[in-house]
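Worksheet: one structure, shown below.
Basis for what follows: all heavy atoms, side chains included, without hydrogens, waters or symmetry-related copies.
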Amino acid sequence: MDRYRLVVDVIDRVPGPAVRAAAVRQRTEDARLRHHDWNREHGVDLPEVADWSWDG
């Protein structure tokens, strides 16, 4: 299970957030599909994921 599916799973299963988080769920699904397509075409993670670093 990837990070995108975890977010969607929480929204779908936890009582309450489903209605309030509909936009977040849709953006997460869109990001998952975009990442999947990029990965299929280029064989690596999206640059925004691969190059991410914690600045904390």
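- Atom NE2 of residue H35 and atom CG of residue D2 lie 8.0 Å apart, to the nearest 0.5 angstrom.
- The residues R34 and E48 are annotated as salt-bridged, a charged nitrogen and a carboxylate oxygen being separated by less than 4.0 angstrom.
- Between D45 and W38, the closest side-chain pair of non-hydrogen atoms is not below 4.5 Å.
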For this session: Please test V49 against R3 for side chain to side chain contact (heavy atoms under 4.5 Å, CB included), starting from the C-alpha separation and ending with a verdict.
Result: CA-CA 11 Å; V49 173; R3 60 193 161 269; 3.3 Å; yes
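- Here D30 does not pair with R27 in a salt bridge; the nearest charged N to carboxylate O distance is not below 4.0 Å.
- Atom OG1 of T28 and atom CD1 of I11 lie 5.5 Å apart (nearest 0.5 Å).
- A salt bridge does not link D9 with R5: every distance from a Lys NZ or Arg NE/NH1/NH2 to an Asp or Glu carboxylate oxygen is 4.0 Å or more.
- By the criterion of side-chain heavy atoms lying less than 4.5 angstrom apart, applied directly or through intervening Ile, Leu, Val, Met, Phe, Trp or Tyr residues, Y4 is grouped together with V44 in one hydrophobic cluster.
- Of the inter-residue distances, the one linking D37 atom CG with H42 atom NE2 reads 10.0 Å to the nearest 0.5 angstrom.
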